[in-house]
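One structure below.
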Amino acid sequence: MNRAFYERGVVDVARDLVGCVLRHGETAGTIVETEAYHETEPACHAFVGLTERTRILFGPPARAYVYRSYGIHALFNAVCEDEGVGAAVLIRALEPLEGIDLMRERRGLTRPEDLCSGPGKLAQALGIELHHNGSDLLGGPIAIEPGSESPELIAGPRIGITKAAELPWRFSAAGSRSVSRPWPKAQPSTRGQTPA
DNA sequence: CATGGGATTGACT
DNA sequence: GTCAATCCCATGC
């Protein structure tokens with residue numbers, strides 16, 4: 001991936017990231033589920049404006065935004081759009097590809113479909129920690145590479161949020177067993193919309 | 001300074 | 001299906 005890839009509308013990036021490979025050290029997995037977040041809608045952390053917490057979101061694209069969720073889990077996002085615009089793609093699930101034994105060790109589980117089937121799970125499996133916040137995705141320890149194929153996509157509402165829950169900004173590979181939550185009644189994705 | 005609320009997960013009924 | 005764990009941060013007094 002190059003810088004221009006992340007500098008586009010965050011919904012487009014979220015859709016295009018499904019099928020790509022997220023890598024950290026010896027571990028890697030194919031992205032099967034993403035969500036887009038943008039400063040113009042209240043579910044996004046950047047909605048509150050520029051603070052110490054959201055500084056990375058408003059910074060230049062192609063950086064990692066890693067934050068602690070519910071006091072327990074680390075969640076990994078890829079910062080998108082131009083510098084000054086707060087937007088990022090949350091990586092919600094992977095299909096394990098490399099370093100699966102290391103993932104099992106970190107997660108304390110054996111079944112491959114349980115290793116990365118959630119945003120907190122995949123961060124733990126890949127060893128992504130809070131100190132990776134701000135890490136450069138171009139030439140840094142964490143990288144996203146093009147995938148070998150473009151999967152068929154499903155779009156729907158985002159998971160686990162109470163605000164702006166109507167936006168269909170969740171994308172996943174159709175038929176993957178490694179998604180974080182099952183799809184109620186899946187419908188094919190056509191196009192994403194970029195917020196005004 | 002006190003408080004409320006999460007972009008979740010795993011264990012339990 | 002329900003629910004607690006756990007802590008950072010934004011907000012309000």
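Source: prediction; values computed, not measured. Letters A, B, ... are given to chains in the order of the sequence lines, protein chains preceding strands, and every chain is numbered from 1.
Arg158(A) comes within 4.0 angstrom of nothing in the nucleic acid, heavy atoms only. Ile72(A) comes within 4.0 angstrom of a nucleotide base, judged by non-hydrogen atoms across all strands. Heavy atoms of Arg170(A) sit nowhere under 4.0 angstrom from any nucleic acid atom. Nucleic acid contact class of Ser180(A) (heavy atoms, under 4.0 Å, all strands): none.
The cationic atom of Arg8(A) (NZ for Lys, CZ for Arg) lies less than 6.0 Å from the six-membered ring centre of Phe5(A) and within 45° of the ring axis.
The side chain to side chain contact (heavy atoms under 4.5 Å, CB included) search around Ala64(A) returns Val66(A), Phe76(A), Ser135(A), Leu137(A), not counting sequence neighbours.
Remark: P of dC9(C) and CD1 of Ile56(A) are 12 Å apart, rounded to the nearest angstrom. Between the CZ atom of Phe47(A) and the C1' atom of dA7(B) there is a distance of 15 Å, rounded to whole Å. Counting to the nearest Å, the P atom of dA7(B) and the NE2 atom of His73(A) are 13 Å from each other. In this structure, CG of Leu90(A) is placed 10 Å from P of dT9(B), rounded to the nearest angstrom. In this structure, Leu57(A) places its CG atom 15 Å from C1' of dA10(C), rounding to the nearest Å.
A 4.5 Å side-chain heavy-atom check between His38(A) and Val85(A) finds at least one atom pair inside the cut-off.
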Watson-Crick and G-U pairing of DNA chain B written in dot-bracket, each distance under 3.5 angstrom, with | for inter-strand partners
||||||.|||||.
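Stacking annotation: Tyr67(A) is not stacked on the base of dA7(B) (requires ring centroids less than 5.5 angstrom apart and an interplanar angle below 30 degrees). Ring-base stacking between Tyr70(A) and dG6(B) is satisfied, the centre separation being under 5.5 Å and the plane angle under 30°.
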Under the salt bridge (Lys or Arg N to Asp or Glu O under 4.0 Å) rule, what do Arg170(A) and Glu33(A) come out as? Steps first, then yes or no, please.
CA-CA 7 Å; Arg170(A) 178 194 184 203; Glu33(A) 184 179 351; 2.7 Å; yes
